[in-house]
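Written out below as structure tokens is the structure these notes cover.
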Protein chains: 2
Amino acid sequence: MPYGEHMDAREKILEAATALLAEAPVADVSTRAVCEAAGVGAPMLYRLFGDKAGLLAAVVDRGFERYLASKRAARPGDDPVADLKKGWDNHTRFALEHPNHYRLMYSPGLTVPPASAQEAHALLHAILERCAAAGRLTVPPALATQVIMSANVGAALSLLTRPEQYPDPRFSERLRDAVIGSLTRPADPADATDAPASDGQAPVPVAAATLAARLRAEVPPTFTAAESALLQQWLEKLSADQGVSGRRR
Amino acid sequence: MPYGEHMDAREKILEAATALLAEAPVADVSTRAVCEAAGVGAPMLYRLFGDKAGLLAAVVDRGFERYLASKRAARPGDDPVADLKKGWDNHTRFALEHPNHYRLMYSPGLTVPPASAQEAHALLHAILERCAAAGRLTVPPALATQVIMSANVGAALSLLTRPEQYPDPRFSERLRDAVIGSLTRPADPADATDAPASDGQAPVPVAAATLAARLRAEVPPTFTAAESALLQQWLEKLSADQGVSGRRR
DNA sequence: GTTCAACTCGTATCGACGATAACACAGATT
DNA sequence: AATCTGTGTTATCGTCGATACGAGTTGAAC
């Protein structure tokens with residue numbers, strides 16, 4: 001009964017603030033609007049949360065709590081590295097679905113980092129501990145946590161705040177695989193060689209990217225502008241088609 | 001130009017805002033403090049910058065401009081991948097030396113992304129074009145730009161906003177090497193498939209021939225037969241175009 | 001030299017905000 | 001009944017971003 005007659009004042013305020021924040025054009029709300037929407041006076045808000053930053057931190061924690069609940073519900077699978085990738089995708093998806101909540105966590109004025117950020121850090125650390133226990137990690141878990149978390153935050157924030165500069169959602173997966181791949185080793189004990197044996201042949205995307213860059217720097221005179229444009233388009237497609245590079249097939 | 005007096009006031013305001021922002025405990029300044037420090041009235045500020053966001057954007061652009069100037073001054077070295085790493089470290093160092101300026105770029109309320117962000121993106125893209133031209137890249141330069149930039153931003157912001165969670169400065173280098181290493185391939189001159197030219201760059205005919213050979217062995221499914229035929233025809237023409245071999249640019 | 005117009009700049013001000021003081025009220029405890 | 005505690009309301013303060021208005025200032029025309 002979300003709209004019950006008598007809800008806890010704290011809950012009403014949090015609910016109103018969450019709703020207002022979700023529809024706000026920018027990641028900010030005024031305490032007055034929250035109080036009016038919640039039907040309470042201003043002093044009530046400050047008694048409960050002490051400060052506007054406290055209110056925002058509580059809102060962030062509350063929103064993140066649901067995300068963490070769904071993440072905790074996901075039982076650890078047999079492959080901890082696969083859990084890593086799922087965690088990355090969940091993190092990114094949550095940021096895109098709740099942009100204002102996510103941006104609040106990295107907004108200035110938030111003196112103390114929300115507790116949810118530390119809990120997310122701890123959850124990621126736990127997964128990496130399992131990876132280390134399985135012998136899949138090539139660096140200490142604490143270091144791997146910092147690397148993965150910061151890269152994930154960067155990808156999410158870039159997608160949120162510069163959508164026109166990051167139109168390709170595949171770049172998140174690419175960054176994810178690059179980061180995780182460099183911190184882990186494959187599970188197969190037979191493939192103990194950490195150096196991926198290259199067959200010596202440049203794969204199609206590499207060759208296409210190389211040619212495309214060379215052509216961009218030096219336009220061959222025997223091609224018309226239209227032909228060059230179409231060729232560049234095809235090379236772009238060839239470079240992007242096959243996902244992972246030659247590393248670790 | 002009849003803007004002599006205006007330029008002076010504009011410069012004074014920018015200087016005062018920069019100084020105040022550098023010493024501010026949080027990444028924000030009040031227009032009143034800026035006006036008082038600059039010795040001008042409030043209407044002058046709004047006449048010159050239109051808005052507080054406009055003022056902050058101008059301040060950010062001004063501060064970033066000096067950073068970009070030092071980056072432009074660094075002439076490209078012989079190894080473009082080494083330039084990539086230097087660019088990463090410069091980016092991170094700038095963020096740590098000017099935390100408030102850096103946080104402003106990703107602060108909410110900044111409606112339009114500062115022009116300096118786009119210029120930084122373009123500069124990174126230029127370096128990656130050179131990497132691609134040297135055959136060192138395994139993905140298209142545009143995608144590599146997004147991956148590297150977002151990871152770098154994430155590392156810098158994590159160091160700035162969560163210093164207690166990221167006490168280990170080595171994690172930035174680790175992330176840097178992981179990301180760059182996954183997007184580039186080592187400069188191995190002893191590659192059997194394609195003999196690189198003396199200047200280390202694969203000329204257009206060689207790159208075209210390599211790609212043609214790879215495509216003949218492995219037809220990409222996203223191309224129709226007619227498209228593949230035309231592409232092969234063009235690649236043959238490029239492979240036979242021995243005469244050019246000009247210096248790039 | 002006087003007058004007028006255009007422009008510049010500072011004072012005063014507005015509305016909104018974050019935050020707080022003071023007071024009024026209900027129910028529980030003694 | 002008297003007191004205490006937690007709650008809710010009104011009024012208010014100081015600051016902020018932004019602007020209207022009029023007092024200077026310049027330059028040129030008469």
Side-chain angles (χ1 to χ4, degrees), chain A residues 3-61 100 103-104 107-112 114, chain B residues 1-61 100 103-104 107-112 114:
Chain A
Y3 289 83
E5 306 294 331
H6 186 46
M7 211 182 340
D8 197 355
R10 182 183 176 90
E11 206 62 22
K12 280 201 304 185
I13 292 179
L14 283 178
E15 202 71 33
T18 302
L20 287 179
L21 183 64
E23 300 165 1
V26 296
D28 193 22
V29 285
S30 68
T31 60
R32 284 179 145 83
V34 171
C35 289
E36 188 171 359
V40 301
M44 192 71 220
L45 188 151
Y46 289 93
R47 268 199 285 267
L48 290 175
F49 302 97
D51 197 353
K52 180 180 182 178
L55 167 67
L56 295 183
V59 169
V60 167
D61 277 352
N100 287 340
R103 293 196 64 175
L104 261 192
S107 165
L110 217 54
T111 61
V112 52
Chain B
M1 272 208 191
Y3 296 108
E5 199 65 21
H6 287 219
M7 279 299 186
D8 203 6
R10 182 184 176 92
E11 207 61 24
K12 280 200 304 183
I13 291 179
L14 283 178
E15 202 70 34
T18 301
L20 286 179
L21 182 65
E23 300 165 0
V26 297
D28 193 21
V29 286
S30 69
T31 59
R32 285 179 144 82
V34 171
C35 290
E36 188 173 358
V40 300
M44 182 59 41
L45 188 150
Y46 288 94
R47 275 176 169 274
L48 291 174
F49 301 98
D51 198 353
K52 180 180 182 178
L55 167 67
L56 294 183
V59 169
V60 167
D61 277 352
N100 287 339
R103 292 197 64 174
L104 262 192
S107 165
L110 219 53
T111 61
V112 53

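All chains are named by letter (A, B, ...) in the order of the sequence lines, taking the proteins before the strands, and each is independently numbered beginning at 1.
Which of D:dG8, C:dT13, C:dC17 sits closest to the side chain of A:Arg32 comes down to C:dC17. Among the nucleotides C:dA19, D:dT10, D:dG17, the one closest to any side-chain atom of B:Thr31 is D:dG17. For B:Lys52, counting side-chain heavy atoms from C-beta on, the closest listed nucleotide (C:dA19, C:dG18, D:dA18) is D:dA18. Nearest nucleotide to the side chain of A:Pro43, out of C:dA19, D:dT10, D:dA18: D:dT10.
Of the possible donor and acceptor atoms, none in the side chain of A:Asn100 sits under 3.5 Å from a partner among the backbone N and O of A:Asp28. At distances below 3.5 Å, at least one donor-acceptor pair connects side-chain atoms of B:Lys52 with backbone N or O atoms of B:Val29.
Of all non-hydrogen atoms in B:Leu104 and B:Ala27, the two that sit nearest each other are CD2-O, 3.8 Å.
In this entry the distance linking CG of A:Leu45 with C1' of D:dT7 reads 14 Å, nearest Å. Atoms NZ (A:Lys12) and C1' (D:dG8) sit 11 Å apart, rounded to a whole Å. Put simply, CD1 on B:Ile13 is 13 Å from C1' on C:dG10, counting in whole angstrom units. In this structure, the CG atom of A:Leu48 is 11 Å from the C1' atom of D:dG8, given to the nearest Å. The CG atom of B:Leu20 sits 12 Å away from the P atom of D:dC16 (whole-angstrom rounding). Between the CD atom of B:Glu36 and the C1' atom of C:dT11 there is a distance of 15 Å, given to the nearest Å. As rounded to whole Å, 16 Å separates atom C1' of C:dA19 from atom CE of A:Met44.
Rounding to the nearest 0.5 Å gives a distance of 9.5 Å between CG of B:Leu48 and CG of B:Leu55.
Nearest-nucleotide mapping onto DNA chain C: of A:Val29 and B:Gly41, the residue sitting toward the 5' end is B:Gly41. Position along DNA chain D of the nearest nucleotide to A:Gly39 versus B:Tyr46 favours A:Gly39 as the more 5'-ward residue.
With hydrogens and angles ignored, no donor-acceptor pair closer than 3.5 Å exists between the side chain of A:Arg47 and the base of D:dG6.
Considering A:Leu14, A:Leu56, A:Val59 in turn, A:Leu14 is the only one that fulfils the side chain to side chain contact (heavy atoms under 4.5 Å, CB included) rule with A:Phe49.
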